[in-house]
Amino acid sequence: MWNWTALLAVSGISERPPTLVLAANTQASSALSGPAIGGLGSGNALASGASAGLLEWGPLTVDLAHFTPWLSLAGGLLVGLSAVLVLWLFGQTAGISGLTAAVARGDGAEGGGWKVGLLLGLVGSGAAAAIFAPHLITSPTNSWGLLAIAGICVGLGTRTSGGCTSGHGVCGLGRARPRSAVAVVVFMAFGALTVWVLGLLGGAA
Amino acid sequence: MKPLRFTLGLFAGVLFGVGLLLSGMTQPSKVSGFLDVTGNWDPSLAFVMGGAVVVFAAGAYLFRNRRRALLGDPMELRPPAVFDARLLGGSALFGIGWGLSGYCPGPAVVSVFAFDGGLLLFLGTMALTMVAHDRWLAKRTM
């Protein structure tokens with residue numbers, strides 16, 4: 001538990017702390033390998049996995065070198081808290097695709113300007129991170145052509161289906177809406193499929 | 001534009017943004033790592049959605065009987081549970097774009113001031129497509 005708070009306090013504001021990240025990984029691996037080893041019935045998974053940073057878990061190969069369960073969980077809790085705040089204050093779903101579309105259309109002032117405020121809060125937190133904790137924001141790795149196409153897919157897809165990872169993912173699932181559950185399963189599946197195909201094509205086409 | 005509403009929105013946005021930043025969602029390679037289930041899978045982002053869903057579910061349950069939000073707006077109504085080509089096709093398209101770039105809308109907006117050319121291009125085509133959709137292709141739900 002102390003590790004969780006230390007991580008949150010330190011790596012959120014200071015530059016990349018390799019030792020702490022490593023500590024988190026070790027802890028994560030031991031937490032995760034409990035059931036994994038039970039499932040595999042073998043003690044070798046941890047030993048071989050820890051050295052390579054990989055853990056064979058059933059049919060999956062878990063990338064322990066990049067696994068950040070505590071930070072990701074902490075971030076998720078904050079996102080959830082923000083969505084609750086928006087529901088409580090404004091009675092609305094904090095769907096970022098919907099908010100972005102409203103502001104891009106020029107309807108940002110509706111609702112008294114909280115939509116513009118929220119987007120500016122997102123941008124502002126990112127600007128602060130770009131200055132004080134630049135390792136939290138990394139560049140996309142794929143070509144500009146692919147990114148332009150991706151933007152069209154995300155823009156059209158989220159507006160047609162009525163939500164993205166926040167609207168359908170967090171708020172829809174949180175309210176047990178079958179429509180959102182379907183959306184999440186479909187976009188996760190197609191996301192995974194796309195990354196698989198990209199891998200077959202050798203990364204950036 | 002009302003200062004109180006703007007400021008409260010800003011606060012919610014900062015909270016949301018810090019959450020995304022800590023969680024790793026503003027690192028496209030981490031998103032790809034999560035979607036790469038057949039390769040070296042990084043399950044971290046399941047913890048982001050898991051944590052957020054649990055907190056939001058608790059909040060939504062708490063406010064389930066409210067007619068009006070704190071600032072007086074009516075609570076948003078439940079949309080009709082329509083399972084049509086728009087839901088399925090739109091979600092599939094979003095998933096493809098998410099996989100191609102490593103960005104969903106929130107983290108992309110948060111990352112603006114990193115001034116990455118590719119990201120700005122992504123945001124530009126995303127916003128233009130959204131506006132085009134809402135102007136010419138929008139239908140009943142949203």
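Each chain gets a letter, A, B and so on, in the order the sequences are listed, and its residues count up from 1.
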Counting C-beta onward and ignoring hydrogens, is there a side-chain heavy-atom pair between [X] and [Y] closer than 4.5 Å?
| X | Y | result |
| --- | --- | --- |
| B/V109 | A/L99 | no |
| A/N142 | B/S101 | no |
| B/F122 | A/P140 | no |
| A/M188 | B/F34 | yes |
| A/L173 | B/M49 | yes |
| B/L87 | A/H168 | yes |
| B/F16 | A/L122 | yes |
| A/L89 | B/R5 | no |

Is chain B contacted by the side chain of [X], its backbone, both, or neither, given a heavy-atom distance below 4.5 Å?
| X | result |
| --- | --- |
| A/V170 | both |
| A/A176 | backbone |
| A/A130 | side chain |
| A/V86 | side chain |
| A/T194 | side chain |

Output the option from [options] having the highest count of non-hydrogen pairs under 4.5 Å with chain A.
| options | value |
| --- | --- |
| B/A81, B/A85, B/G39 | B/G39 |
| B/V18, B/V112, B/L45 | B/V18 |
| B/R68, B/K2, B/R78, B/M25 | B/R78 |
| B/L88, B/T7, B/D73, B/V37 | B/D73 |
| B/G59, B/G33, B/S29, B/A57 | B/A57 |
| B/A69, B/A132, B/A58 | B/A69 |

What is the distance from atom [atom1] of [X] to atom [atom2] of [Y], rounded to the nearest 0.5 Å?
| X | Y | atom1 | atom2 | value |
| --- | --- | --- | --- | --- |
| B/L128 | A/L156 | CG | CG | 12.5 Å |
| B/W41 | A/F67 | CH2 | CZ | 8.0 Å |
| B/R135 | A/R105 | CZ | CZ | 9.0 Å |
| A/L147 | B/D116 | CG | CG | 8.0 Å |
| B/F56 | A/L85 | CZ | CG | 11.0 Å |
| A/S161 | B/L93 | OG | CG | 9.0 Å |

Notebook entry, point to check: Where do A/W114 and B/L8 land on the side-chain contact (heavy atoms from CB on, under 4.5 Å) test, with the steps shown first?
Noted result: CA-CA 7 Å; A/W114 68 268; B/L8 289 171; over 6 Å; no
Relative to chain B, which of [options] shows the most heavy atom pairs under 4.5 Å?
| options | value |
| --- | --- |
| A/G106, A/A129, A/S139 | A/S139 |
| A/P134, A/C171, A/P178 | A/C171 |
| A/G95, A/G108, A/G157 | A/G157 |
| A/V84, A/L60, A/L120 | A/V84 |
| A/I152, A/L81, A/V186 | A/I152 |
| A/A183, A/G80, A/S180, A/G117 | A/G117 |

Least distance between heavy atoms, [X] atom then [Y] atom:
| X | Y | value |
| --- | --- | --- |
| B/E76 | A/T93 | OE1-OG1, 2.5 Å |
| A/I137 | B/A114 | CG2-CB, 3.7 Å |
| B/V14 | A/S125 | O-CB, 4.0 Å |
| A/L77 | B/G51 | CD2-O, 3.7 Å |
| B/P105 | A/C164 | CD-CB, 3.8 Å |
| A/V195 | B/G99 | CG2-O, 3.8 Å |

For the backbone of [Y] and the side chain of [X], can you confirm whether one donor and one acceptor N or O come within less than 3.5 Å of each other?
| X | Y | value |
| --- | --- | --- |
| A/R159 | B/A138 | no |
| A/S72 | B/S23 | yes |
| A/S82 | B/L15 | no |

Notebook entry, point to check: Is it the backbone or the side chain of B/R64 that comes under 4.5 Å from a heavy atom of chain A, or both, or neither?
Noted result: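 For B/R64, no heavy atom lies under 4.5 Å from chain A.
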Next item on the list: Pick one of side chain, backbone, both or neither for B/Y61, based on which atoms fall under 4.5 Å of a heavy atom in chain A.
Entry: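 It is neither, since no heavy atom gets under 4.5 Å.
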Check: Would B/L62 and A/W88 satisfy side-chain contact (heavy atoms from CB on, under 4.5 Å), going step by step from the backbone distance to the final call?
Finding: CA-CA 10 Å; B/L62 204 63; A/W88 181 50; over 6 Å; no
Next item on the list: Kindly determine whether A/S97 and B/M130 satisfy side-chain contact (heavy atoms from CB on, under 4.5 Å), including the steps that lead there.
Entry: CA-CA 8 Å; A/S97 56; B/M130 284 177 161; 3.7 Å; yes
Next item on the list: Verify the distance criterion only: is there a donor paired with an acceptor across the side chains of B/K30 and A/T68 at less than 3.5 Å?
Entry: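 There is such a pair (donor and acceptor under 3.5 Å, judged by atom type) between the side chains of B/K30 and A/T68.
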Next item on the list: Would you check, one step at a time, whether the test side-chain contact (heavy atoms from CB on, under 4.5 Å) holds for A/L87 with B/F63?
Entry: CA-CA 8 Å; A/L87 179 69; B/F63 303 138; 4.1 Å; yes
